[in-house]
Amino acid sequence: MSREVTIDVGFAAGASVVVRDEEWLVRSCEQAGEGWRLDCLGTSELVKDAEAVFFTDLEPDIEAVDPSTARLVPDDSPCFRRTRLWLESVLRKTPLPLHEERIAVAHRMLADTLLYQRRAVAQALDPGNLRPRLLIADAVGLGKTLEIGMIISELARRGRAERVLVVTPRHVLEQMQHEMWTRFALPLVRLDSDGIQRVRQTLPSSRNPFTFFRKVIVSVDTLKSERYRSHLEKHRWDVVVIDESHNLSNADTHNNRLARVLAPNTDALILASATPHNGRSESFAELVKLLDPTAIVDPKDYTVDDIKHLFVRRHRHSPDVAAEVGGRWAERLEPEVLGVTPTAAEEAVFAELADTWIYGPSPAAGRGGSLFPWTLVKAFLSSTRALIETIGNREPRSPEEAEALVRLRELAEQARDSAKLDALVEHLKFVGVGQGSTRVVVFSERLATLKWLRAELPTRLGMPATAVRMLHGGLPDTEQMGIVDEFKRLDVPVRVLVTGDVASEGINLHAQCHHLVHFDIPWSLIRIEQRNGRIDRYGQEHPPRITALALASEHERLSGDIRVLAKLLEKEHTAHKALGDAASLMRLHDADAEEDAVRRALAAGRNVDEVIPDPDDLEDDFDSFFAEAGQDTPEPPLVIEDYTLFRSDLDFLREAVHEVYADPARRIKWAEHPQDGTVELTPPADLLARLSALPQTYLKDRKVHERMVLAVDATTGREELIRARRTSATSWPEAHFLGPLHPVLDWAADKALSRFGRGEIPVLAADVEYPFTIGLATLSNMRGQVVQRVLMGFSFFLKDVDPAHHQEPELLDMLRKAGVRDGGINTGSAIDVDRWQPLVPRTVDALRAYITSMSGIRRGELLKSLMTAQRRIDRWKGQSLQLTLNLAPSHKTRVIRMVENHGRLASDVVKDLYPRDEPMLRVLAVIVPREGTK
């Protein structure tokens with residue numbers, strides 16, 4: 001049975017309420033149990049600027065302020081500043097309608113204008129979907145992180161991103177946090193090992209950390225703890241993002257169990273992965289079920305139409321992508337395999353491997369004995385150090401194997417001089433390492449090889465030890481993130497990054513680097529593609545140069561197999577250009593499975609070409625189905641370009657600080673630097689409290705508590721990001737971009753709102769012939785989310801005649817002509833407040849009449865959409881129950897229970913989206929003629 005919900009009609013974002021005889025502005029509201037949770041800002045004298053959370057279940061005497069009783073207060077500020085700030089702040093704090101399809105803020109962030117990325121935003125915001133649920137399955141390098149930031153930004157402007165959880169692999173925590181803050185002004189509290197330690201020092205051990213911080217980024221490894229999982233089960237989110245989500249499709253994994261905890265407890269769910277499926281329809285259905293449990297009836301049999309609204313999938317050569325990326329993503333060069341002639345000692349190792357282990361009667365015994373010889377070969381192709389490590393880790397299965405391992409180890413230890421290391425050093429010097437700022441990332445899958453390269457390269461290159469850094473999964477998360485950050489910054493002396501495959505997923509290394517070396521070639525196309533994608537991605541201005549080093553043994557039989565392995569690089573490049581996805585060739589969709597298939601083919605004496613077909617030889621299967629569905633994206637959405645009362649965020653911020661502080665230069669050290677495109681201020685105490693949720697390293701590195709510097713336009717913001725990477729000791733820009741969601745603007749809006757006291761609204765005398773008023777009406781759904789927002793003007797020509805209505809564009813033009821919109825001269829004319837006070841209740845009546853007629857139309861549209869959704873849920877439920885008829889009784893009971901539960905939860909979502917009966921009404925201002933005019 002679905003829960004019953006009691007609604008207090010006066011509560012909505014933007015409303016004024018009285019609690020304990022003090023007035024508060026509702027910043028956001030949502031259901032909490034049988035009542036409401038109200039996040040409020042104090043507006044009356046005793047609680048001015050205070051922040052508080054009230055629960056209607058605990059505060060039964062919360063009253064909504066009657067808009068008809070608002071008192072007029074003359075605005076004597078210069079250029080009508082107080083009124084303009086008041087109006088602008090109210091509109092900024094009032095969410096856009098839930099299903100506003102235009103982009104409102106994302107186009108004003110630090111992201112290039114790419115329509116294919118905006119298509120992903122349109123897909124997430126599509127009013128045809130009950131909730132924003134999307135899998136971003138774009139190929140490596142297209143900018144999934146930016147698409148995520150754009151979506152969250154738009155949800156925030158709609159009041160749907162108060163509480164955000166981002167889950168990533170631990171090595172990309174800082175990168176994701178950096179992108180969200182520097183480009184979108186979305187502050188995420190990073191709960192890495194250091195962050196968790198800080199939380200433990202701040203909060204009681206019993207306190208749920210996810211209720212303390214509104215926006216959090218945490219690694220999936222941290223959430224493996226049962227303690228944190230129990231915290232998650234008790235908390236609801238507005239937005240959950242799971243990056244690198246390809247590990248969710250297996251129902252038996254920890255990651256899937258974690259996702260199943262999060263999915264029902266969030267409104268918006270965004271999954272991101274370049275490799276989101278394993279080629280099996282049932283497995284992908286498991287992923288889709290997280291987004292919408294009612295999308296697929298039979299996981300073995302579904303169509304494109306069932307799922308196309310839930311994901312996007314494009315690659316570098318998709319038509320809409322290729323047409324846009326142009327010079328901002330240079331085409332990679334043909335990969336180069338450098339054949340390396342082994343030393344005599346290395347050739348002896350090859351001979352031993354070939355004659356004793358591969359082609360002779362192998363001494364390897366027991367299970368997996370036929371594959372172990374190729375494990376030895378693979379280790380040796382990395383380095384002799386890796387081979388020695390592999391031998392040491394092997395427990396001999398027979399005396400013959402033990403003797404053979406000893407002999408092989410002796411030969412390996414004699415091959416200390418490495419021809420491949422010589423070739424690497426020669427290649428690094430050839431591309432310019434040590435001669436300038438050239439940087440190279442060198443991949444190897446073996447830790448022993450990484451440690452050896454890290455020890456050898458500085459001396460061989462004639463460079464200091466700080467010029468070579470090593471990255472691998474065994475390092476603490478904070479150290480991993482620090483190394484990646486260093487490699488992106490030009491001022492840091494590191495020139496070579498030797499890394500394991502921990503860096504092959506999610507990390508961007510292209511900022512200062514376009515050279516990549518495979519010191520050993522992975523036996524997996526997926527892993528090659530993932531590695532290459534670290535430098536071959538959008539924003540790479542130089543053609544990526546991919547090089548692999550391959551020992552070219554002269555052994556008659558082994559040399560052929562090694563040459564075939566070198567062709568893997570060529571195979572990946574062909575798939576990259578033809579299909580946009582290397583995983584589509586082998587159709588295994590798992591790097592370890594691909595490697596195992598190659599190893600088995602070699603062990604069986606098969607040609608690797610039989611295992612890895614050419615793109616032209618592929619047959620239609622789930623990969624083709626998947627690619628077809630993901631390409632069908634909406635048209636790029638329109639954007640909201642017009643301004644209301646201020647032409648820029650800087651204009652708004654400037655006027656706000658001058659309104660609040662008589663001498664801002666003295667009080668908060670406000671200073672503008674037009675030649676640099678920046679402003680700066682010393683954050684006052686109430687702003688400092690808000691900044692505590694910002695990235696801690698940003699606050700520390702840039703000493704933001706002492707001085708906050710802001711870049712006031714996108715050009716300066718981008719230059720600051722580049723400067724931080726090239727000349728700064730930190731990757732955080734000195735001047736942070738003043739984007740539309742920046743916390744300092746939210747602070748300024750709250751300060752502006754508090755300039756009017758309890759129940760007060762401005763009245764001003766301007767160049768108008770007849771008085772007119774401004775009203776704002778919003779209609780919310782059962783979750784308190786705005787579904788309709790109307791800004792109206794009302795002109796009063798005669799005392800006893802209903803006022804004329806003016807839609808928002810006409811109203812803004814009226815404000816412009818009156819000299820209010822752009823800050824005209826306020827003469828300070830005396831205003832007879834009592835004369836104009838009756839216009840307030842008349843405006844409320846007119847606004848209620850208008851919105852009642854208009855909301856009836858909007859309600860009808862919403863109800864029609866919701867009824868369609870409910871019919872689809874009922875149809876899914878009936879068809880799903882039909883499939884259970886032939887199941888075994890024990891299994892049937894469990895499946896029926898699951899279907900009933902999913903159906904109930906989906907129906908509850910529909911009920912929560914029903915529009916409420918009563919709109920929220922506010923009179924914002926009254927504009928009257930100056931004395932002596934009509």
Side-chain angles (χ1 to χ4, degrees), residues 137 139-141 169 171-172 243-247 249 273-279 315-316 332 335-337 371 374-375 377-379 381-383 386 390 441-450 453 471-474 480 484 497-510 516-537 544 546-550 562 564-577 579-602 608 611-613 623:
V140 173
H171 57 277
V172 297
D243 194 18
E244 302 297 341
S245 57
H246 43 273
N247 295 318
S249 57
S273 173
T275 54
H277 70 91
N278 59 10
H315 56 78
R316 169 67 175 83
R332 73 157 79 154
E336 182 181 13
V337 178
L371 299 180
W374 283 104
T375 301
V377 172
K378 192 168 188 288
L381 291 176
S382 179
S383 70
T390 301
V441 56
V442 180
F443 273 98
S444 173
E445 62 185 11
R446 296 301 298 264
L447 181 58
T449 303
L450 294 177
L453 291 175
L471 177 66
H472 59 82
Q480 289 185 38
V484 172
L497 175 66
V498 294
T499 178
D501 285 312
V502 66
S504 67
E505 288 187 332
I507 291 179
N508 303 337
L509 300 175
H510 66 295
L516 183 148
V517 176
H518 298 281
F519 192 75
D520 44 45
I521 302 175
W523 293 9
S524 160
L525 299 181
I526 291 175
R527 194 152 284 141
I528 293 173
E529 179 180 55
Q530 289 172 337
R531 287 182 177 184
N532 292 347
R534 298 315 99 209
I535 67 167
D536 185 12
R537 57 194 310 107
I546 313 294
T547 305
L549 303 177
I562 293 176
V564 166
L565 291 172
K567 288 180 63 178
L568 291 173
L569 207 67
E570 176 187 332
K571 294 271 190 180
E572 185 277 337
H573 186 66
T574 302
H576 170 77
K577 298 195 72 171
L579 306 173
D581 176 18
S584 298
L585 275 186
M586 294 184 71
R587 305 294 174 94
L588 295 174
H589 302 279
D590 179 82
D592 292 335
E594 287 187 344
E595 182 179 312
D596 187 58
V598 169
R599 184 185 286 108
R600 290 182 180 279
L602 292 168
V608 174
V611 182
I612 311 176
D623 289 81

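As a basis for the values below, the full set of heavy atoms in this structure was taken, side chains included, without hydrogen atoms, waters or symmetry mates.
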Rounded to the nearest 0.5 angstrom, the CG-CG distance for Leu381 and Leu549 is 11.5 Å
With side-chain contact (heavy atoms from CB on, under 4.5 Å) as the criterion, how do His576 and Asp536 come out once you've worked through the C-alpha distance, each side chain's angles and the decisive distance to 0.1 Å? CA-CA 11 Å; His576 170 77; Asp536 185 12; 3.6 Å; yes
Show the numbers, then the answer: is there a side-chain contact (heavy atoms from CB on, under 4.5 Å) between Thr499 and Phe443? CA-CA 5 Å; Thr499 178; Phe443 273 98; 3.6 Å; yes
Is Glu594 salt-bridged to Lys571, going by a charged N under 4.0 Å from an acidic O? no
From the options Arg527, Arg531, Arg446, select the one residue that forms a salt bridge (charged side-chain N to carboxylate O under 4.0 Å, His left out) with Asp520. Arg531
Distance in Å, Ile535 CD1 paired with Leu509 CG, rounded so as to fall on 0.5 Å steps: 8.5 Å
Side chains of His573 and Ile528 in contact at under 4.5 Å (non-hydrogen atoms): no
Considering all heavy atoms, the nearest Ala139-His315 contact: CB-CB, 3.7 Å
Walk me through it: do His171 and Val484 pass the test side-chain contact (heavy atoms from CB on, under 4.5 Å)? CA-CA 8 Å; His171 57 277; Val484 172; 5.9 Å; no
Scanning both residues in full, the closest heavy-atom pair of Ser383 with Ala386 reads OG-N, 3.0 Å
Taking all non-hydrogen atoms of both residues, which atom of Trp523 and which atom of Val598 are closest, and how far apart? O-CG2, 3.6 Å
d(Leu497 CG, Leu453 CG) to nearest 0.5 Å is 11.5 Å
Of all the heavy-atom pairs spanning Ser382 and Ser444, show the shortest one and how long it is. OG-OG, 3.3 Å
Closest non-hydrogen contact found for Gly500 with Leu450 is N-CD1, 3.4 Å
Smallest separation among heavy atoms of Gly533 and Val140, with atom names: CA-CG1, 3.3 Å
Applying side-chain contact (heavy atoms from CB on, under 4.5 Å) to Thr449 and Val498, what does each step give before you reach the verdict? CA-CA 9 Å; Thr449 303; Val498 294; over 6 Å; no
Value for CZ (Arg534) from CD (Glu529), rounded to nearest 0.5 Å, stands at 9.5 Å
Distance check, rounded to the nearest 0.5 Å: Arg599 atom CZ versus Asp592 atom CG? 9.0 Å
Spatial distance of atom CD (Glu572) from atom CD (Gln530) [nearest 0.5 Å]: 10.5 Å
Does some side-chain heavy atom of Asp596 sit less than 4.5 Å from a side-chain heavy atom of Leu371? yes
